[in-house]
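Take a look at the structure set out below.
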Amino acid sequence: MNRQTVQLGPTVRMLLACDGSTTVLLEALTGETLFVRVDAQGETSPERLSDTIRDALALDTDAPVLERRSCLVTSEDEVVSVNHIVTDNITRRRMGSPDTSIPFGMQLRQQRIPQYRAHVSSGLAPWQGSDEPTLSAFKSYIIHDADGGRTYVHEHFNPRLVQLGDDASLRALPAGLVHEGLPIRLPAPL
């Protein structure tokens with residue numbers, strides 16, 4: 001497996017390494033309040049989820065979990081991040097049906113339950129919102145709360161706003177890239 005280290009820009013390094021609210025950081029980056037656009041939200045069976053998500057949430061029952069697909073957008077409706085969120089049943093019962101007008105992480109913070117975030121993965125993947133193949137950063141993590149609840153979050157950042165950096169090697173990265181100890185995974189070539 002090829003491994004290479006590249007120097008990602010400071011903004012993307014900050015977002016990938018941060019263990020706090022990404023929404024707050026993205027609002028600081030864009031200079032404006034971000035809004036949520038929920039594309040889908042509802043119950044799903046754990047068997048429909050990847051092993052990574054099931055393992056990260058320690059799902060041991062067949063009880064449906066809450067799954068949400070959304071985007072954070074600017075006031076001009078520009079997508080800042082594309083998000084996939086899955087909550088375990090502890091968080092789901094406590095929250096009820098999450099408000100689709102407020103970013104999920106902000107709703108968790110409003111409950112004032114102590115929580116911490118644990119990194120699952122981060123890397124680069126093709127951005128779906130551009131005409132030309134463009135790599136963009138993503139990260140996923142688990143939000144653990146003091147009540148024992150867990151929420152899986154996967155965020156994929158718009159490369160126009162979260163620029164990877166100006167290193168020429170970023171344009172032709174091989175699979176299996178590693179950056180400063182954070183696994184950066186790229187899709188295998190077709």
Side-chain angles (χ1 to χ4, degrees), residues 12-30 33-74 79-125 128 136-158 162 180-185 187:
V12 73
R13 286 194 321 266
M14 173 190 66
L15 284 168
L16 295 181
C18 175
D19 63 357
S21 172
T22 308
T23 301
V24 170
L25 293 174
L26 291 171
E27 287 181 336
L29 176 67
T30 60
T33 300
L34 298 178
F35 303 92
V36 67
R37 183 187 77 208
V38 175
D39 298 323
Q41 178 174 291
E43 288 185 352
T44 194
S45 168
E47 68 190 24
R48 295 191 53 188
L49 301 171
S50 71
D51 289 342
T52 300
I53 296 172
R54 282 195 311 271
D55 291 347
L57 292 176
L59 297 175
D60 59 0
T61 69
D62 293 332
V65 294
L66 179 71
E67 183 175 28
R68 176 171 171 160
R69 295 190 180 269
S70 61
C71 297
L72 288 178
V73 298
T74 65
V79 173
V80 177
S81 69
V82 176
N83 309 307
H84 180 209
I85 299 165
V86 180
T87 66
D88 70 2
N89 286 306
I90 295 170
T91 303
R92 185 170 170 252
R93 280 191 302 272
R94 187 181 65 245
M95 289 189 74
S97 181
D99 186 334
T100 58
S101 67
I102 300 172
F104 197 85
M106 297 293 194
Q107 291 181 64
L108 289 174
R109 282 182 30 186
Q110 289 173 351
Q111 293 183 346
R112 301 205 183 281
I113 295 171
Q115 56 186 263
Y116 70 93
R117 296 165 191 234
H119 181 267
V120 173
S121 68
S122 59
L124 304 176
Q128 301 300 317
S136 59
F138 71 85
K139 78 177 196 177
S140 59
Y141 52 91
I142 299 295
I143 301 173
H144 297 266
D145 67 45
D147 287 347
R150 293 180 179 160
T151 301
Y152 171 86
V153 179
H154 178 90
E155 300 169 312
H156 196 166
F157 305 108
N158 182 337
V162 180
E180 295 183 6
L182 295 175
I184 307 288
R185 286 180 266 183

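Treat the numbers as computed from the prediction; the structure is a model and nothing was measured.
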**OP:** Decide yes or no on side chain to side chain contact (heavy atoms under 4.5 Å, CB included) for K139 and L15, but give the supporting numbers first.
**Re:** CA-CA 8 Å; K139 78 177 196 177; L15 284 168; 5.5 Å; no

**OP:** Only counting residues at least two apart or in another chain, list the ones meeting side chain to side chain donor-acceptor pair (under 3.5 Å) with N158.
**Re:** none

**OP:** Not counting sequence neighbours, which residues clear side chain to side chain donor-acceptor pair (under 3.5 Å) with E47? List them please.
**Re:** none

Original post:
For T44, which residues count as a side chain to side chain contact (heavy atoms under 4.5 Å, CB included) partner, sequence neighbours excluded?
Top reply: R48, L49, V65, E67

Original post:
So, the side chain of D88 versus the backbone of I90: is there a donor-acceptor pair under 3.5 Å, distance only?
Top reply: yes

Original post:
So do the side chains of E155 and V162 get within less than 4.5 Å of each other, counting heavy atoms only?
Top reply: no

Subject >> Pairwise distance OG1(T52) to CG(L57) - rounded to 0.5 angstrom >> reply: 10.5 Å

Original post:
Distance from I142 atom CD1 to R117 atom CZ, nearest 0.5 Å?
Top reply: 11.0 Å

Original post:
With D62, which residues qualify under side chain to side chain contact (heavy atoms under 4.5 Å, CB included), at least two apart?
Top reply: none

**OP:** Working to the nearest 0.5 Å, report the span between CZ of R13 and OG of S122.
**Re:** 13.0 Å

Original post:
For A58, what residues pass the side chain to side chain contact (heavy atoms under 4.5 Å, CB included) criterion, not counting sequence neighbours?
Top reply: R150

**OP:** Sort out for me which residue in L26, T22, T30, V82 forms a side chain to side chain contact (heavy atoms under 4.5 Å, CB included) with L72.
**Re:** L26

Original post:
In chain order, what residues pass the ring pair (Phe, Tyr, Trp, His ring centres under 6.0 Å) check against H154, with sequence neighbours excluded?
Top reply: F138

**OP:** Could I get the full list of side chain to side chain contact (heavy atoms under 4.5 Å, CB included) partners for V73, not counting sequence neighbours?
**Re:** F35, R37, C71, D77, V79

Subject >> Under the salt bridge (charged side-chain N to carboxylate O under 4.0 Å, His left out) test, residues paired with D55 that sit two or more places apart >> reply: none

Original post:
If only atom types and distance count, is the side chain of E27 paired as donor or acceptor with the main-chain N or O of L34 below 3.5 Å?
Top reply: yes

Subject >> With sequence neighbours excluded, residues passing side chain to side chain donor-acceptor pair (under 3.5 Å) with S70 >> reply: none

**OP:** Measure across Y141 and H119 and return the closest heavy-atom pair with its distance rounded to 0.1 Å.
**Re:** CB-CA, 4.1 Å

**OP:** Of all the heavy-atom pairs spanning P46 and P64, show the shortest one and how long it is.
**Re:** CD-CA, 4.3 Å

Original post:
CD1 of I53 to CG of L59: how many Å apart, nearest 0.5 Å?
Top reply: 9.5 Å

Subject >> Partner residues of T87 under the side chain to side chain donor-acceptor pair (under 3.5 Å) criterion, sequence neighbours left out >> reply: none

Original post:
Which distance, rounded to the nearest 0.5 Å, do you find between the CG of L16 and the OG of S121?
Top reply: 10.0 Å

Original post:
With sequence neighbours left out, what residues match R54 under salt bridge (charged side-chain N to carboxylate O under 4.0 Å, His left out)?
Top reply: D51

